[in-house]
Amino acid sequence: MSKKFDVVVIGGGPAGYVAAIRCAQLGLNTACIDKWLDKDGKGVFGGTCLNVGCIPSKALLDSSHKYEEAKEKFSLHGISVGDVSMNVGDMLKRKEQIVKNLTMGVATLFKANGVTPLEGTGKILAGKKVEFTAHSGTTEVLEAENVIIATGSVPVNIPPAPLTDDIIVDSTGALEFTEVPKRLGVIGAGVIGLELGSVWGRLGSEVVVLEAQDNFLHLVDQTVAKEAKKLFTKQGMDIRTGARVTGSEVKDGQVTVTFQDAEGEKSEVFDKLIVAVGRRPYTEGLFAGDSGIELDERGFIHVDETCKTDAPGVWAIGDVVRGPMLAHKASEEGVMVAERIAGHKAQLNYDVIPSVIYTHPEIAWVGKTEEELKAAGESYNVGMFPFAANGRAMAAADTDGFVKIIADAETDRILGASVIGPSAGDLCQQVVVAMEFGSSAEDLGMMVFSHPTVSEAVHEAALAVNNAAIHKANRRPKKK
């Protein structure tokens, strides 16, 4: 006997569980299927982000940052703590408890909102039907008015460095090291590689990052990227761009990595190697041949601007579709689709989605970079303000970096912003709000910012766009 739902969501990560909750809030009879099992073999929701991604990595980033501060920075404040040590086991336990609290929170929200949780896998059949296979192996067919695909993504593996025991690992394995590696190699200088390299580097690893691209952080505003590389190098991270990994060999508990750079073939020996070269959409076993769903040339599910697939009544959201692989983008797509299923006219502004790298200093950006605007031949003005001139940053002994805001030369409308420095993600979000409402740099400059706060750097950067910064000397920028 088939079970009928208004909506069946396949995937319980930030895209899927948010979509399911919003659907239920809108009065739709909703089920959410997810296959994730915790270490005890118990089904949990929350997907990659809550279980082995955003949340546990930030827990380790915060723990390692506090350790480094206690060891290296407390003396600046007159605090003497003696010898500082890190118990890696306790750090991991704290991370696991945070994950447990949040995944239990999703289960509680499902119950509160009336979402039916289904632990197992889902396969889309023709006619908006879903074949659900429970972990026990039992199978049933679910009928739905709408199906939402939210199956997320998985790490990309590369042939020159296949995962091997606990020596060559992906981002998941890098969260589980039980001791600090003496020498740590990281393939890929993207968000994941830099964050995980930072964690273990702060705890004492000698970290070497191998990046195939010639430009460091090539998608980020290059003024910020250059500053980031300088600061990370100062922190002890050895970042080698233009280094393409060609092979690896595990022997006697270590891994020898060979790579090619401008000088020829080289090799390095590491105790651990993290492969962090990106993620790919996860669609294995997801569709029947006659489901009507199409994939694009990169393996993403083809959708329109409202996340409709080519199959009637079937939607797809999150990492499995085009756009940045970001939890917040995925969640907002989930809300948009739920609203549209309920008959509302919701849409998502893809031009104003912020990105953050949670290193220290943090890096965050939104909108267009200066390089993109130059390439498009657009005229713009730039305003920058350093945290070294910000009173609150000085008081916190956290003065690295700056805020950069770019505005249209004719209309003064904000086109993009980049921040490297303390609380960069939160500061960039202030500009996101402004951009969503079509604000000009002058609008931001006319707002009152609390003093003393690091957010004043946003205020001053906005003023600097029009040569009106108060707490730094203004230079008349050339119009591009």
Could you check if a side-chain atom of [X] sits within less than 4.5 angstrom of a side-chain atom of [Y], using non-hydrogen atoms only?
{"X": "E249", "Y": "T258", "result": "no"}
{"X": "I406", "Y": "D221", "result": "yes"}
{"X": "E333", "Y": "V321", "result": "yes"}
{"X": "E442", "Y": "L463", "result": "no"}

Going by the ring pair (Phe, Tyr, Trp, His ring centres under 6.0 Å) test, which pairs reach into [range], not counting sequence neighbours?
{"range": "residues 34-71", "result": "F45-F110, H65-H360"}
{"range": "residues 215-264", "result": "none"}
{"range": "residues 429-473", "result": "F449-H459"}

Donor-acceptor contacts, no H, no angles, side chain residues 387-397, under 3.5 Å, sequence neighbours left out:
unit_1	atom_1	unit_2	atom_2	d
N390	OD1	R392	N	3.2
N390	OD1	A393	N	2.8
N390	ND2	T453	O	3.1

For residues 156-166, pull every pair meeting side-chain hydrogen bond (donor to acceptor under 3.5 Å, both in side chains), keeping only residues two or more places apart or in separate chains.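 Every pair satisfying side-chain hydrogen bond (donor to acceptor under 3.5 Å, both in side chains) with a residue in residues 156-166: D166-K272.
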Over all atoms of both residues, closest heavy-atom pair of T256 and S267: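 Closest heavy-atom pair between T256 and S267: CG2-CB, 4.2 Å.
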Can R244 and E211 be counted as an ion pair, charged N to O under 4.0 angstrom? no
Exceeds 12 heavy-atom contacts within 6.0 angstrom, atom CE of M447: yes
Under 3.5 Å, is there a donor-acceptor pair between the side chain of E119 and the main chain of D34? no
Using only atom types and a distance under 3.5 Å, with no angle test, would you say the side chain of S153 pairs donor to acceptor with the backbone of P281?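 Not confirmed, S153 side chain does not pair with P281 backbone.
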Return the set of residues passing ring pair (Phe, Tyr, Trp, His ring centres under 6.0 Å) with F300 (not counting sequence neighbours), or none when no residue passes.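 Applying ring pair (Phe, Tyr, Trp, His ring centres under 6.0 Å) to F300 gives none.
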